[in-house]
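Data first, discussion second: the structure below is written as structure tokens.
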There are 2 protein chains.
Amino acid sequence: MTKPPLPTRLSGPAESPGFLLWKISNAWQRRQRAALQPYELTHSQFVLLATATWFATSETLTQARLAQLCGVDPMTTSQVLRALEAAQLIQRVDHPEDPRAKAISVTKAGRDLARKAVVAVEEADAAFFAPLGSDTKRLVAMFQALIEGNERTEADSK
Amino acid sequence: MTKPPLPTRLSGPAESPGFLLWKISNAWQRRQRAALQPYELTHSQFVLLATATWFATSETLTQARLAQLCGVDPMTTSQVLRALEAAQLIQRVDHPEDPRAKAISVTKAGRDLARKAVVAVEEADAAFFAPLGSDTKRLVAMFQALIEGNERTEADSK
DNA sequence: CGCTTATAATAAGCGCGCATACTATCTGAG
DNA sequence: CTCAGATAGTATGCGCGCTTATTATAAGCG
């Protein structure tokens, strides 16, 4: 070793938490894709459909509210919800009180599909994190700390 | 509570490791995007450029080899490398021994940019995981276990 | 009341991460 | 040597995640 080609990065990317996070997230999404394929849903479609199913009973959902609940950006939410509407899993009608907004409701087909898909998703999720065993709880705690700690930073930079 | 709208999913998605993983990965990519913006690089471009810089001194890189080293799929690798070539950060010449393959080399501009960008990336990375403090090591270990444990499963399903 | 500011949704467009399919070439078994 | 199967790279196309910009409307302030 005369002169390493890059500063730091001591022994390749294998130990960088960010690099690993990226790889794991990709692997997880492949898993989810496979698990959701029988239902012809993508992961984002599932998240929005499931969350809408969950909250539609307790409040009148708008796209913006749903985006906030799921942590999906409003642009993507708009696009994905239109796909869900085209598949007749949800309905988007003009909001009774705010003509700018759309009121989101879930059709019976949507509810039924969500109920079936959520089982497959949670199964795939459990299988993916199974290698951690009981440490999974610890991972969840770390994840929550990361979200907490970075939410603030992101809000600052706006 | 008369009848929950969905089976399981006991108290919303906030505790699902997969859901958290997805949110965190998105947040991390936003951070990386911001950190790399001054260099006009995307995350994938950086990873491929940095890895090429790292390994080009020790072996004759092909796209397939680079894809394998980075864990990026070959199709994306092809596309991203062409972007890097257009930016004159790498070169793709016909491989001397295998006419199917391209030999990848990094230009001086590419090396210089990689050297600068890697600092910004590692800084952003450190800031992102800072909330975990010394537990970061534990997270890395969990990540490695997850990759290990799921690599096998994915290979099986092919 | 009028006016500024914030908000709901969308159009257009970019790059990644795939899946699928195709061409050209290498490699190994017989 | 031949030929089947693996491999390197790419075209095409889809959906997400995001940026920027636009339209329409709501909400707050003087």
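Here is the naming used below: chain letters follow the sequence lines, and residue numbers restart at 1 for every chain.
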What's the CD-P distance between Gln29(A) and dC18(C), to the nearest Å? 8 Å

Could you work out which one of dG9(D), dG17(C), dT10(D) sits closest to the side chain of Ala64(B)? dG9(D)

Under 4.0 Å, heavy atoms only, any strand: does Arg82(A) hit a base, just the sugar-phosphate, or nothing? sugar-phosphate

Does His95(B) have any ring pair (Phe, Tyr, Trp, His ring centres under 6.0 Å) partners at least two apart in sequence or in another chain, and if so, which? none

Within less than 4.0 Å of OP1 or OP2 of dT10(C), is there a side-chain N or O belonging to Ser78(A)? yes

Under the salt bridge (charged side-chain N to carboxylate O under 4.0 Å, His left out) rule, what pairs show up with a residue in residues 132-149 of chain A, not counting sequence neighbours? Glu148(A)-Arg152(A)

How are the rings of Trp22(A) and His43(B) set relative to one another: parallel (under 30°), tilted (30 to 60°) or perpendicular (over 60°)? perpendicular

Polar side chain donor-acceptor pair, Asn150(B) to Trp28(A), under 3.5 angstrom: no

In numerical order, the residues of residues 86-96 of chain A whose heavy atoms come under 4.0 Å of DNA chain C are Arg92(A)

Looking at Thr77(A), does any N or O in its side chain come under 4.0 Å of the phosphate oxygens OP1/OP2 on dA9(C)? no

Given dC18(D), dG17(C), dT10(C), identify the nucleotide with an atom nearest to the side chain of Asn26(A). dG17(C)

Integer-rounded Å distance: dA9(C) P and Glu85(A) CD: 13 Å

Without decimals, in angstroms, what is the distance between Gln32(A) CD and dG17(D) C1'? 17 Å

Close side-chain approach of Arg115(B) to Asp112(B), heavy-atom, < 4.5 Å: yes

To the nearest Å, how far apart are Arg30(B) CZ and dC14(C) P? 22 Å

Does any nucleotide pair with dG30(D) by Watson-Crick or G-U wobble geometry, both distances under 3.5 Å, and what is it? dC1(C)

What is the distance, rounded to the nearest whole Å, between atom CG of Asp73(B) and atom C1' of dG13(D)? 14 Å

Residues in side-chain contact (heavy atoms from CB on, under 4.5 Å) with Gln91(B), at least two apart? Ser105(B), Thr107(B)

Can you list every salt bridge (charged side-chain N to carboxylate O under 4.0 Å, His left out) pair that touches residues 28-39 of chain A, not counting sequence neighbours? Arg30(A)-Glu154(B)

dG17(D) phosphate, OP1 or OP2: any side-chain N/O from Trp22(B) under 4.0 angstrom? yes

Closest to the 5' end of DNA chain C, once Thr42(B) and Pro74(A) are matched to their nearest nucleotides, is Pro74(A)

Can you figure out which of dC18(D), dT10(C), dG17(C) approaches the side chain of Gln63(A) most closely? dT10(C)

When rounded to whole Å, the NE2 to P distance for the pair His43(B) and dC18(D) reads 14 Å

Do nucleotides 20-25 of chain C as a string where each nucleotide becomes B, S or -: B if the base has a protein heavy atom under 4.0 Å, S if just the sugar-phosphate does, - if no protein is that close. ----BB

Whole Å only: how far is the NZ atom of Lys102(A) from the P atom of dT25(D)? 12 Å

Check: Thr53(A) and Val118(A) side chains under 4.5 Å, non-hydrogen atoms: no

Any side-chain N or O of Arg33(A) below 4.0 angstrom from OP1/OP2 of dC18(C)? yes

If you take all heavy atoms of Gln45(B) and Ala83(B), which pair is closest and at what distance? NE2-CB, 4.1 Å

Taking the side chain of Thr76(B) as its heavy atoms from C-beta onward, which of dG17(C), dT19(D), dA8(D) lies nearest to it? dG17(C)

Quick check on dG15(D): is either OP1 or OP2 less than 4.0 Å from any side-chain nitrogen or oxygen of Ser44(A)? no

Which atom names give the shortest non-hydrogen contact between Ala120(A) and Tyr39(A), and what distance separates them? CB-CE1, 3.6 Å

For dC16(D), take OP1 and OP2 only and decide whether either is under 4.0 Å from a side-chain N or O of Gln79(A). yes

Taking side chain as C-beta onward, heavy atoms only, is Thr42(B) less than 4.5 Å from Leu36(B)? no

Please report the distance, rounded to the nearest Å, between CZ in Phe46(B) and P in dG15(C). 19 Å

Indicate, with a heavy-atom threshold strictly under 4.0 Å, whether Val80(B) touches base, sugar-phosphate, or nothing. sugar-phosphate

Where the side chain of Gln45(B) is defined as all heavy atoms beyond and including C-beta, which of dG15(D), dT10(D), dG15(C) is the nearest nucleotide? dG15(C)

